[in-house]
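Throughout, a chain's letter reflects where its sequence line sits, starting with A, and its residues are numbered from 1.
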Amino acid sequence: MAETKPLKRETWCGELREEHAGSAVTVYGWVNNMRELGGLTFIDLRDREGLLQVVVNESFPEPALLKRIGRETVLAVSGRVVRRAKPNPELASGQVELLAERIDVLAASEVPPFLPEARGNVSEELRFKHRYLDLRSAALQRNFRLRAKVNLLARNFLDREGFLDIETPMLSNATPEGARDYLVPSRIYKGKFFALPQSPQQFKQLLMVSGFERYYQIVRCFRDEDLRADRQPEFTQIDVEMSFAEPDELFAIMERLMRELFAARGFDVAVPFRRMPYAEAMARYGSDKPDLRIPFSIEDCTAEAAAWDSELIRAALAGGAKVKALAIPDGGSFSRKQLDEINETAKKLGGKGVIWMRKADGGFKSSLKVAPDAIAALFAARNIDPGALLLLIADAEPQALAVAGRLREHLGRRFQDKDRLEFLWVTDFPLFFYNEEEKRLDSNHHPFTSPRPGDVALLESEPLAVKAIAYDLVLNGVELGGGSKRIHDIALQRRVFQLLNLPEKEIEERFGFFLKALAFGAPPHLGIALGFDRLMMLLLGEDSIREIIAFPKTTSSLCLLTGSPSSVSQRQLDELGIAIRK
RNA sequence: GGGGUCGUAGUUCAGCUGGUUAGAACGCAUGCCUGUCACGCAUGAGGUCGCGAGUUCGAGUCUCGUCGGCCCCGCCA
């Protein structure tokens with residue numbers, strides 16, 4: 001073979017059209033598929049723009065070359081673009097094909113363990129071991145192109161709104177609260193550690209103290225916690241902070257941002273978004289991130305249930321239980337088997353079981369012995385559709401709400417249309433919750449969150465009743481992000497640390513620098529952080545965050561491609577002053 | 001930390017209440033084929049049944065442990 005021509009990409013396989021017919025081109029790409037028909041061979045050549053059919057016929061000078069070509073071989077093909085007698089409507093380039101005059105094999109390929117186009121039929125495990133092959137698929141190519149585009153849209157938008165992109169350290173201090181940190185040992189100061197950021201929280205607040213007023217960063221964050229379909233140990237967030245503003249203004253900016261980002265996939269996002277206090281979200285949906293696509297919510301039927309002649313209910317109520325109800329539309333026709341399954345599901349979700357009620361031939365029936373008249377009265381009083389299935393959960397209120405909320409998500413799956421977007425601001429979170437394990441107050445959000453001004457007095461008398469100026473942005477039952485107005489008053493910040501029962505010494509050690517900064521003219525400021533990966537997941541209708549992270553880890557925090565985490569040499573350990581305990 | 005589920009050719013799977021030589025499809029190899037685009041036809045190669053113990057005359061199948069994938073609870077300020 002002649003020596004390889006100098007490489008220059010001028011033409012994309014997937015972009016050739018009828019108007020290119022007659023021109024001489026060179027394309028580069030991977031062999032997606034090959035069809036040999038004796039003296040005639042077709043090669044589907046793939047590059048990032050798509051597929052092109054290459055024809056090798058009797059005019060091709062070097063037919064023996066074809067023996068060296070297989071799936072995923074990298075080729076440079078030169079020839080003439082010709083109009084096809086029989087176009088292929090399935091292909092964007094299907095009007096034309098490339099009549100090969102010269103083919104250079106630029107790289108051979110072993111027989112791949114799977115074909116990129118067949119990724120849907122391949123285990124995630126195998127795909128992760130050969131992620132570079134997986135990433136050749138049209139689906140992932142699309143995902144990462146859109147990710148790049150949305151990233152750029154977000155930057156442009158925030159830039160237009162006057163936000164400055166400022167980088168913050170990846171090596172900083174461990175945080176005493178919140179998620180576990182990924183630690184990085186210091187070589188110079190043996191026994192001391194940096195931590196990778198869980199979020200740039202303190203730095204972005206310091207940037208407000210520095211007077212930048214509007215900051216943003218699309219930044220990697222790290223949390224050493226167990227994984228889920230929508231959680232990875234390292235993830236990216238759109239981090240925003242601004243001074244001299246109230247939540248309303250921030251909400252409006254974020255709503256415009258969402259509008260702009262979702263327009264990239266043709267969504268027309270309606271603004272402003274709904275708002276709902278945390279207490280209402282918990283009471284009606286048993287969740288602080290309700291999926292509003294599901295058209296039924298939780299109701300409290302404790303009062304009605306108290307009148308029923310049921311030993312089970314009486315005992316539960318005597319123990320302080322509440323009775324929570326879900327009316328499932330059209331659930332009245334569920335089979336006995338389906339009802340049993342619902343009961344089993346409720347138990348799996350952490351409940352004690354569920355009571356059903358519905359209208360049947362001749363009257364109302366229930367899995368609990370209750371007079372049909374009482375059930376009929378309940379349906380009538382609550383205006384419940386007679387075709388609905390009423391599910392009742394009797395338990396201590398937090399448990400009852402949690403189980404009802406999970407059951408609502410479970411039974412509401414058929415309403416979870418991916419093309420429908422239900423944005424929601426959840427507001428007025430409690431500032432603290434009681435940490436049973438450590439027998440002390442703990443921050444619900446983080447210790448820099450400001451209480452509502454009217455609630456500051458409650459800090460001393462009834463701290464658990466204090467509401468924060470804190471908010472989450474929820475989309476379709478997924479927490480897209482959250483933020484708060486921050487404490488900019490040093491005395492208040494000190495008091496909050498004290499309420500968290502942090503020893504004075506620790507406050508000084510961990511947050512001394514931060515409190516000091518608040519002493520030098522810290523402006524009122526607030527902010528938010530949005531999970532960029534989750535946002536992309538929802539934008540693309542993917543069920544797993546791993547589909548929009550190029551090199552993700554498995555649910556046990558392993559990288560199957562690189563094998564990380566891995567052992568290090570004794571020399572490295574010695575340099576760091578670290579001994580491994582067996 | 002806990003619960004569920006899965007692990008069998010390169011891949012996706014089948015393999016019954018334990019039984020003799022573990023199958024299919026796709027992929028791969030070889031040959032034939034000039035208009036295919038899921039090309040077609042023929043022939044063939046390809047297996048440590050994740051790993052380790054145990055029960056049994058006999059284990060892909062049962063038990064225990066272990067490793068790994070996925071889902072969920074806890075956890076995720």
Side-chain angles (χ1 to χ4, degrees), chain A residues 32-45 51-60 63 67 70-72 82 84-91 93-94 97 99 110-115 117-130 133 175-181 197-199 201-202 221-233 235 344-345 347-351 402-403 406 409-410 429 431-433 435-437 441-449 468 470 479 482-484 496 500 502 529 531 543-544 546 552-558 560 563:
Chain A
N32 198 62
N33 193 16
M34 217 171 151
R35 292 174 295 280
E36 293 184 88
L37 287 71
L40 183 66
T41 300
F42 298 101
I43 298 170
D44 293 337
L45 200 64
L51 293 172
L52 173 68
Q53 174 162 280
V54 173
V55 187
V56 182
N57 65 13
E58 79 286 343
S59 69
F60 187 70
K67 287 276 172 220
R71 304 255 194 174
E72 301 303 316
V82 296
R84 287 210 211 181
K86 213 165 70 177
N88 180 355
E90 305 286 313
L91 272 189
S93 66
E97 60 192 4
L99 185 58
E110 288 183 19
V111 175
F114 64 93
L115 298 174
E117 62 185 11
R119 70 185 296 270
N121 301 321
V122 180
S123 74
E124 216 174 344
E125 190 171 2
L126 188 72
R127 292 201 280 110
F128 285 174
K129 276 183 190 152
H130 303 276
L133 294 180
T175 47
E177 304 204 15
R180 294 186 188 90
D181 290 304
Q198 296 178 31
S199 103
Q201 185 60 38
Q202 289 173 55
C221 299
F222 305 85
R223 289 177 193 175
D224 186 7
E225 294 293 347
D226 289 346
L227 308 184
R228 290 281 194 285
D230 62 353
R231 255 196 253 163
Q232 281 276 303
F235 58 97
E344 283 312 304
T345 304
K347 284 180 182 166
K348 269 187 209 159
L349 296 177
V403 172
R406 285 174 198 156
E409 291 269 342
H410 180 79
F429 281 81
L431 187 63
F432 302 112
F433 69 97
N435 187 329
E436 287 289 347
E437 246 170 69
L441 291 180
D442 218 333
S443 290
N444 209 350
H445 192 49
H446 57 56
F448 315 110
T449 305
E479 181 194 328
S484 62
V496 167
L500 293 173
L502 292 179
D543 292 319
S544 166
R546 299 182 292 271
K553 302 207 169 30
T554 66
T555 48
S556 49
S557 283
L558 296 174
L560 296 180

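- A distance of about 49 Å separates the C1' atoms of B:C33 and B:C71, rounded to the whole Å.
- No side-chain donor-acceptor contact under 3.5 Å links A:Glu58 to the backbone of A:Gly39.
- Using a 4.0 Å heavy-atom criterion, one finds that A:Phe42 contacts the bases of the nucleic acid, with or without backbone contacts as well.
- Under the Watson-Crick or G-U wobble criterion, with both distances below 3.5 Å, B:A9 has no partner in any strand shown.
- The CG atom of A:Leu560 sits 14 Å away from the C1' atom of B:G50 (whole-angstrom rounding).
- Between A:Arg35 and A:Asp44 a salt bridge is recorded (basic side-chain N to carboxylate O distance below 4.0 Å).
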Check against side-chain hydrogen bond (donor to acceptor under 3.5 Å, both in side chains), A:Gln53 and A:Asn88: CA-CA 10 Å; A:Gln53 174 162 280; A:Asn88 180 355; over 6 Å; no
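- Across the protein-nucleic acid pair, A:Arg180 atom CZ and B:G1 atom P stand 9 Å apart, rounded to whole Å.
- Across all strands shown, A:Asp442 has no heavy atoms under 4.0 Å from either base or sugar-phosphate atoms.
- Atom C1' of nucleotide B:U36 and atom CZ of A:Arg35 are separated by 5 Å, given to the nearest angstrom.
- Rounded to whole Å, atom P of B:U11 lies 12 Å from atom CG of A:Leu115.
- The two residues A:Phe433 and A:Asn444 have their closest heavy-atom pair at CD2-CA, 3.9 Å.
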Measure all distances between protein nitrogen or oxygen atoms and nitrogen or oxygen atoms of nucleotides 5-7 of chain B, and list the pairs falling under 3.5 Å.
none

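- Straight-line distance from the NE2 atom of A:His410 to the P atom of B:G4: 17 Å, rounded to whole Å.
- You'll find that the side chain of A:Ser556 is closest to B:G68, out of B:C28, B:U11, B:G68.
- When the side-chain nitrogen and oxygen atoms of A:Thr555 are compared with OP1 and OP2 of B:C70, one or more of them lie within a distance under 4.0 Å.
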